[in-house]
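Everything below concerns the one structure shown next.
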Amino acid sequence: MKHKDLLGLYTLEAEEIGEILSLAAKMKALVRAGQKSLDSLKGRSAVTLFYENSTRTRTSFEFAAKFLGASTVNISVATSSVQKGETLVDTGKTLDAMHTDFIVMRHPMGGAPTLLGKTVKAHVINAGDGMNEHPTQALLDMLSMLEAWGTLEGKTVAILGDIRHSRVAKSNLYGLTKMGATVRMFAPRTLMPAGLDCMGAKICRSREEAVEGADAVMGLRIQLERQKAGNFPSLGEYAKYYGVNEDILRLAKEGALVLHPGPVNRGVELTSGVIDGETSVITDQVLSGVAVRMAVLQLLGEEEIC
Ligand code: CP
């Protein structure tokens, strides 16, 4: 990789995304085969620094680092010196002083990992920054799709839900379009930000238009913690008019993949029948997450800092 840090897919070239996905596919095969004690990052250290809740991302980064032989430490912001008023930059400098090699950070403010990356020697990996990007989530989504199809080129992915607040949607848009896929987006009008068409998205006026003939359908979590106003009347109404159910899914290509970054609100963004359906790869996405994070750690760790 050409960069010290992984901050987003907006700034990555298709070749770099391809390199990560290629290594991640190998890592996934190794983990599937039970090979979880590699030593390519032996002697390195990784800290996960999460200012927001997480199950999948934090756990999979920790497993990924451990599977590659690195030592890992989790910082719980709720019980750290952040609560005593320490700034992000000072926390970063403190971790740098301990010769930390990787800082994996999630933060409610867009751009926070960029600031940290400029401040510390450690490789900073963005594990989700506000409404901006969640690059490893999009990479793992792409890995699951790539494994099913063999290519992303020429495929159509429909992304439905709370696009406005979704860093997952934005990273997928940047990544998938760079890899030659078409991204259709549909959201309640209050949850669709302006300008994504200029970034390559095809903005749709209905669920049907988004899903018709698509190769994959991705639901998004409603980001209730980021809603500043009543953007939709109720969860029931959201599910009825904007969620993905079996009838809507039937409009997609036969065998269309179903994805969701998790955590999923069953019966709201997707019905249980869709979540647990035969073409759902939601569980596979979790394994892809471990593999992608192994690949990112490996590639950042082995490159010279530019
Ligand atoms: N998809 C995702 O980021 O999940 P977590 O919030 O559980 O990490």
Side-chain angles (χ1 to χ4, degrees), residues 6-10 20-21 24 28 46-67 72-78 102-110 112-113 124-145 157 159-176 183 187 191 216-227 244 257-266 268-270 274-276 280-297:
L6 177 66
L7 301 172
L9 298 193
Y10 184 74
I20 296 169
L21 293 176
K28 195 168 173 182
V47 170
T48 57
L49 175 64
F50 277 51
Y51 291 75
E52 287 185 342
N53 296 339
S54 169
T55 298
R56 291 150 201 77
T57 312
R58 194 164 93 163
T59 309
S60 59
F61 264 114
E62 187 172 351
F63 274 139
K66 284 192 157 92
F67 292 173
T72 61
V73 170
N74 287 316
I75 294 184
S76 169
V77 166
F102 303 95
I103 301 175
V104 178
M105 188 177 74
R106 173 171 287 188
H107 199 282
M109 301 300 292
V124 173
I125 303 172
N126 179 5
D129 61 331
M131 301 191 289
N132 182 36
E133 283 223 44
H134 191 350
T136 57
Q137 177 67 47
L139 287 165
L140 74 86
D141 296 337
M142 286 192 272
L143 180 61
S144 283
M145 289 186 259
V157 180
I159 305 180
L160 291 88
D162 181 356
I163 307 274
R164 177 181 295 282
H165 299 103
S166 177
R167 50 202 180 201
V168 175
K170 285 151 204 155
S171 286
N172 265 294
L173 172 61
Y174 306 144
L176 282 165
V183 176
L191 293 175
V217 178
M218 182 185 296
L220 297 173
R221 184 175 72 82
I222 299 179
Q223 311 255 315
L224 288 171
E225 71 275 26
R226 290 186 225 286
Q227 310 270 346
V244 180
L257 302 180
V258 172
L259 298 102
H260 190 293
V264 61
N265 295 300
R266 276 182 183 264
V268 179
E269 298 121 12
L270 308 176
V274 169
I275 295 167
D276 302 323
S280 167
V281 291
I282 294 171
T283 306
D284 181 72
Q285 285 173 267
V286 179
L287 177 58
S288 291
V290 177
V292 154
R293 286 153 186 151
M294 288 171 79
V296 166
L297 288 164

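When reading the values below, keep in mind they use all heavy atoms of this one structure, side chains included, and skip hydrogens, waters and symmetry mates. Because the structure is predicted, anything quoted here is derived from the model rather than measured. Each ligand, and each atom within it, is numbered from 1 in the order the structure gives. Sequence positions, counted from 1, serve as the residue numbers for this chain.
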| Proximity flag His134 to ligand 1, non-hydrogen atoms under 4.0 Å | yes

| Distance filter under 4.0 Å to Thr55 heavy atoms, resulting ligand 1 atoms | 5 (P), 7 (O), 8 (O)

| message | Take a 6.0 Å sphere around CG of Asn74 and say whether it holds more than 12 heavy atoms from other residues, nucleotides or ligands. | response | yes

| Between atom CD of Glu133 and atom CZ of Arg167, what is the distance when rounded to the nearest 0.5 Å? | 11.0 Å

| Gln285 (side chain) donor-acceptor with His260 (main chain) under 3.5 angstrom | yes

| How are the rings of Tyr174 and Tyr10 set to each other: parallel, tilted or perpendicular (split at 30° and 60°)? | perpendicular

| For ligand 1, which atoms sit closer than 4.0 Å to a heavy atom of Gln137? | 1 (N), 2 (C)

| query | If we only count N/O pairs under 3.5 Å, is Arg58 in contact with ligand 1? | reply | no

| said: Which residue and atom name correspond to the protein heavy atom nearest atom 6 (O) of ligand 1, and how close is it? | reply: Arg106 NH1, 2.9 Å

| field | Heavy-atom pair of closest approach, residues Val183 and Asn172 | value | CG2-O, 4.4 Å

| Can you name the closest pair of heavy atoms from Arg293 and Ser60 and give their distance? | NH1-OG, 2.7 Å

| Any Gly262 heavy atom less than 4.0 Å from ligand 1 | yes

| message | Only heavy atoms of Thr57, strictly under 4.0 Å: list the atoms of ligand 1 that pass. | response | 2 (C), 3 (O), 4 (O), 5 (P), 8 (O)

| Could you state the interatomic distance from CG (Leu191) to CG (Leu160), rounded to the nearest 0.5 Å? | 12.0 Å

| query | Can you tell me if Arg221 has a non-hydrogen atom under 4.0 Å from ligand 1? | reply | no

| Counting both backbone and side chain atoms, is some N or O of Pro263 under 3.5 Å from an N or O of ligand 1? | no

